[in-house]
Every structure is written in structure tokens, then in C-alpha cells.
Protein chains: 2
Amino acid sequence: MTTRGRGLHGHVLESLGPAITAGEYPPGSVLRTDELAQRFEVSRSVMREAVRVLESMYLVESRRRVGVTVRPKAEWNVFDPQVIRWRLAGADRPHQLRSLTVLRSAVEPIAAGLSARHATAAQCAELTECALGMVANSRGHKLEEYLVHDVAFHRVILNASGNEMFARLGDVVAEVLAGRTHHEVMFEDPDPAAVTLHVQVAEAVRAGDASRAEELTRKITVGALQELDILAP
Amino acid sequence: MTTRGRGLHGHVLESLGPAITAGEYPPGSVLRTDELAQRFEVSRSVMREAVRVLESMYLVESRRRVGVTVRPKAEWNVFDPQVIRWRLAGADRPHQLRSLTVLRSAVEPIAAGLSARHATAAQCAELTECALGMVANSRGHKLEEYLVHDVAFHRVILNASGNEMFARLGDVVAEVLAGRTHHEVMFEDPDPAAVTLHVQVAEAVRAGDASRAEELTRKITVGALQELDILAP
DNA sequence: GTGACATATAAGTCTGACTTTTTGTTCCAG
DNA sequence: CTGGAACAAAAAGTCAGACTTATATGTCAC
């Protein structure tokens with residue numbers, strides 16, 4: 001899925017990026033391009049390309065006569081999908097997960113409300129299909145199948161909102177949901193109340209009831225937040 | 001402010017990036033690194049660095065034997081500050097402005113609610129100071145002074161929320177607000193009701209009244225949305 | 001201490017040669 | 001005519017080395 005290892009510079013990034021976001025090189029640390037090139041056994045050109053990418057993520061800053069300095073965490077482009085993935089994969093995972101869940105709690109209800117106004121017939125159909133899929137797999141430890149439909153459901157909502165920025169959060173939400181199933185504790189079947197809420201959201205969107213879709217989705221995301229509080233109070 | 005012309009590759013980016021986001025090279029277009037290098041009169045190394053950055057923004061995809069192809073708009077990383085700036089500066093401006101305003105309407109109320117819980121005394125003080133600054137400059141065509149305090153106000157809210165992702169939206173919000181004052185029509189003094197709402201939000205945050213802060217901020221962002229509908233129905 | 005100057009350093013740039021992957025074509029067998 | 005294998009060309013990818021430029025820091029005179 002994270003098939004980003006395109007070329008040598010991509011390989012370097014996959015090693016250096018997580019190291020930086022994990023705080024292995026604390027903010028203010030100075031790296032030298034030549035030294036990094038040696039360490040990773042690539043040419044300077046390749047290492048320079050990698051540094052440029054890190055720079056575009058605001059993770060580092062390259063200055064003459066100084067070197068490549070790690071920027072303070074507050075300046076990182078925390079919306080970059082790559083950065084999010086790196087942080088989710090590292091020690092920062094709980095913190096990143098909380099940030100994303102809060103973001104979801106802000107965005108998804110509004111997105112659902114917009115979907116109720118803008119969703120096409122096809123999108124409504126897909127949404128109900130996803131909800132039914134969730135119901136069908138909500139019992140009997142079919143967590144993987146449930147996850148697939150859950151992810152699809154939220155993707156449709158975000159896409160149907162008609163807002164391109166919301167739509168781009170689909171991948172992130174997918175990763176959060178996947179993380180909940182795979183990394184966090186989720187031995188039991190999903191909460192029946194949450195499943196019902198998804199079905200109701202699908203109904204509300206289909207009926208064009210924006211405020212109801214918004215409120216119901218708010219309940220879903222509030223549930224996700226509470227779930228997080230239980231796990232890491 | 002957009003002082004990103006760091007190095008030759010930065011200069012190339014400032015020319016090529018806006019061209020792509022403006023649709024000058026429609027999705028599917030194929031560029032060749034060598035040709036681009038010639039056109040911009042830089043070496044291939046420099047052009048390759050620029051392409052790598054565009055690639056990390058998901059604007060283009062570089063493939064062997066094919067070239068550098070422009071990706072479909074839906075895949076662009078529309079959260080990248082640079083991409084946002086490029087689009088705001090181009091023909092896509094109205095569309096981008098709307099997307100951002102909708103995003104604001106989702107995020108800022110939640111951020112205000114969180115601020116009511118998490119804001120420090122210093123942040124509360126700064127917030128009321130900003131609100132007072134807005135009041136003081138709300139009459140007599142002191143639009144620039146008003147803007148400064150308005151931007152500062154929303155930045156404090158986003159920062160005080162304690163959510164790093166919200167905080168990173170400060171720059172974007174600043175750009176939207178600045179755009180409203182500079183590019184869009186705003187001959188008259190700001191809406192007195194909006195000014196009052198800001199003062200009330202500051203009070204609510206200070207009082208720790210999360211739901212009130214959230215609701216009041218929602219009114220502010222709804223106003224921003226309506227304002228946009230009036231300008232571009 | 002302060003300012004001007006020298007120096008060392010690391011990034012930045014350019015060039016040219018070479019490698020690798022992938023596409024599209026050609027050509028032969030069936 | 002079709003299908004697949006072999007081949008050739010094209011463009012990105014990689015590397016090495018030489019050179020340029022900015023700039024932090026140290027030095028010295030004042």
C-alpha cells in the first residue's frame with residue numbers, strides 16, 4: 001500500500017523520514033548531505049533529491065554553510081499523507097491518532113451534511129450498500145470484512161460532500177480505521193450502536209436530510225473520540 | 001511572504017507549480033525533464049529536484065521511458081500550503097476559496113470549543129486583545145489594521161485548541177482572510193455583527209464555555225460562507 | 001568591544017557518461 | 001491474420017567529479 005519506494009531517493013526517504021518524525025533527530029539537529037549520502041550509500045544527487053522532498057514537507061531546512069537542519073515539530077506539514085504515515089508507524093502514533101480523530105470529528109459531520117445535499121443517486125446506493133455490508137459483518141469476528149465496508153462508507157461520505165479537501169482525507173480516515181482494527185485492541189465485535197448509526201446516516205443522506213445526517217455523524221465521531229479516551233485516558 | 005525562491009529549483013517551482021495547478025498542463029500531459037531543463041535554463045539536476053518536489057505534492061508522476069505526467073486533479077495534495085497558494089493565485093482561486101471556507105466552517109467551531117477547555121491564561125488574554133483590536137478598527141476604513149487582528153484572533157483559536165493539525169491551518173486561514181480584504185470586494189467596514197461575535201467568542205473561551213464558543217464560532221463561519229455565496233452564487 | 005576582512009565549510013550547480021526500465025515495433029511462427 | 005518473443009529506442013535514473021557561491025566564524029587592527 002505504501003509502495004512509495006520508487007527509486008533510490010524514495011528508499012532513502014522511507015528510512016530518513018520516519019527517523020525524523022520519530023524524533024530520532026531532534027529539532028535543531030544538523031545533518032550533512034555528504035555524510036547522509038555515504039551512510040545510505042547513494043550519490044549526492046540522490047540524497048539531494050531526498051532532502052528536497054523532506055524540505056517540501058517542512059521537516060528540514062537546508063542552508064548553505066550550515067547543513068540540513070531539522071525544523072521544530074510545530075512547522076512540519078502534518079497534513080502530508082507521507083508524514084502522517086510515518087508518524088502513525090512510529091512512537092508518535094497515539095498522539096497522531098488523537099489529532100486525526102479530532103480532525104475527523106470536525107470534518108465528517110459537515111461532510112455528511114453536504115453529502116445529504118450533493119450526493120448522486122449512485123453515491124446514495126453505494127452508501128447504503130456499505131452500511132448493509134457493515135451490518136452483515138458486525139457479528140462473528142468478521143473484523144476484516146467489517147473494516148472494508150466501514151472504510152468505504154466514510155470514503156463515500158467524504159467524496160460525496162463535493163469538497164475536494166474533504167475528499168482527500170479519505171486515505172487518512174482509512175488509515176485511522178485500519179489502525180483501530182489492527183493495532184489497537186479490538187477483540188470484540190464492533191459496537192452495535194455505531195453500526196446502527198451508520199445505517200441511519202445512509203438513510204438521512206438518501207432522504208436529503210442534511211442536519212440529521214450531520215448530527216448522526218457527529219455521534220459516530222464522538223464515539224470514536226470516547227473510544228480513544230478509554231484506550232488512552 | 002511566499003519567499004520560497006530558495007535556489008534555482010525553487011525558482012523553477014514557482015513557475016511550473018502554478019502552471020500545473022492552473023491547468024496549463026492538463027492532467028495526463030507528459031513533460032520531459034530534459035526539455036524542461038532547457039526551457040528554464042537550468043541543469044538536469046536542478047530540474048530533477050523540482051520534479052521530485054512536484055511529485056511529493058502528487059501533482060506529477062515520473063515514470064521511466066514515459067516522462068513526467070501530470071496527475072488528475074483529484075490526486076493532488078490539496079492540503080499542501082504551496083499548492084494552496086498556487087491555486088489561490090491562479091484561475092482556480094474562487095473554487096479554492098470555497099473549499100477552504102467550507103473547511104474553516106468545519107474546523108474552527110471545534111477548535112474554538114477545544115480552546116475553551118485548553119486555552120492558557122496568556123492565550124485568553126491574547127484572544128481578548130485581538131477582539132478588542134478588531135472592535136477598535138471596525139469603523140473608518142481601517143481594513144488593514146482590522147485584518148491583522150482578525151488573522152491573529154483565528155490563529156490563537158487554532159493554536160489554543162491544542163490540536164497540531166488545527167494549528168497548522170493558521171496560515172491557510174490567514175491567506176483566506178487576507179484574500180477577502182485584498183482581492184474580493186470589501187469596500188465597506190466589516191459587518192458589526194461579526195465583530196460582536198468575535199468578542200463573544202473570546203468571552204466564552206475565557207469563561208471555559210466550550211459549547212457556547214463552538215456555537216458562536218459556527219455563526220462566524222456560516223457568515224463567511226454566506227458572504228461567499230453573495231459574491232459568487 | 002566593534003568593525004572590517006579573511007578563511008573555511010557545506011550547500012548549490014553543472015556537465016557528461018553510463019545504467020535501467022519500459023514501451024512500442026518488428027518479425028517470425030502458428 | 002494473430003500472437004508472442006525478441007529487439008531497439010527513449011526517457012528517467014544514477015553516479016562521479018569539478019567548480020561556484022553563500023555564509024558562519026574566527027582574526028586582527030582600531
Side-chain angles (χ1 to χ4, degrees), chain A residues 2-17 19-20 24-72 75-76 82, chain B residues 2-17 19-20 24-72 75-76 82:
Chain A
T2 317
T3 326
R4 209 80 209 324
R6 293 242 313 259
L8 283 186
H9 87 109
H11 189 256
V12 170
L13 278 174
E14 272 180 25
S15 176
L16 198 50
I20 293 175
E24 200 170 316
Y25 304 93
S29 305
V30 178
L31 312 170
R32 270 166 302 134
T33 309
D34 289 21
E35 190 207 338
L36 289 173
Q38 278 193 359
R39 174 132 50 95
F40 289 101
E41 296 177 319
V42 295
S43 67
R44 286 201 309 281
S45 343
V46 168
M47 183 50 72
R48 285 180 55 73
E49 289 171 23
V51 168
R52 287 286 178 246
V53 173
L54 293 175
E55 212 174 10
S56 84
M57 296 167 172
Y58 298 84
L59 291 182
V60 303
E61 188 181 4
S62 183
R63 280 169 56 198
R64 270 185 152 118
R65 164 68 207 232
V66 174
V68 178
T69 62
V70 178
R71 304 181 80 150
E75 294 176 13
W76 296 354
Q82 195 80 246
Chain B
T2 316
T3 327
R4 205 86 210 318
R6 293 244 312 261
L8 283 186
H9 88 109
H11 190 257
V12 169
L13 278 174
E14 272 181 26
S15 176
L16 198 52
I20 293 174
E24 200 169 316
Y25 303 93
S29 305
V30 178
L31 311 171
R32 270 166 302 138
T33 309
D34 288 21
E35 191 208 336
L36 289 174
Q38 279 192 358
R39 174 130 51 94
F40 288 101
E41 295 178 318
V42 295
S43 68
R44 286 197 311 281
S45 348
V46 168
M47 183 51 70
R48 285 179 55 73
E49 289 171 24
V51 168
R52 286 286 178 247
V53 173
L54 292 175
E55 213 174 9
S56 83
M57 296 167 174
Y58 298 84
L59 291 183
V60 303
E61 188 181 4
S62 183
R63 279 169 56 197
R64 272 182 153 122
R65 163 70 206 227
V66 174
V68 179
T69 63
V70 178
R71 303 180 83 149
E75 293 176 14
W76 297 352
Q82 194 81 247

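In what follows, chains carry the letters A, B, and so on, assigned in the order in which the sequence lines appear, proteins first and then strands, with residues in each chain numbered from 1.
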All side-chain hydrogen bond (donor to acceptor under 3.5 Å, both in side chains) counterparts of [X], not counting sequence neighbours:
| X | answer |
| --- | --- |
| B:Arg52 | A:His9, A:Glu49, B:Glu55 |
| A:Arg39 | A:Tyr25 |
| B:Glu75 | B:Arg71 |

Earliest and latest nucleotide of DNA chain D, 5' to 3', sitting under 4.0 Å from a non-hydrogen atom of chain A?
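Extent of the interface on DNA chain D: D:dT14 to D:dA24.
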Scanning both residues in full, the closest heavy-atom pair of A:Ala50 with A:Leu13 reads O-CD2, 3.6 Å
With sugar-phosphate taken as primed atoms, P, OP1 and OP2 and all else as base, the protein-contact string of nucleotides 9-17 of chain C at under 4.0 Å (heavy atoms; B, S, -) is BSBBBBBBB
Using atom types as modelled, flag every donor-acceptor pair under 3.5 Å from a side chain in residues 27-37 of chain B to any protein atom, sequence neighbours excluded.
residue: B:Ser29; atom: OG; partner: B:Pro26; partner atom: O; Å: 2.4
residue: B:Arg32; atom: NH2; partner: B:Glu35; partner atom: OE1; Å: 3.4

State which residues pass salt bridge (charged side-chain N to carboxylate O under 4.0 Å, His left out) with A:Glu61; sequence neighbours excluded, sorted by chain then number.
B:Arg6
Listed by chain and number, what are the side chain to side chain contact (heavy atoms under 4.5 Å, CB included) partners of B:Ser43, not counting sequence neighbours?
B:Ser45, B:Val46
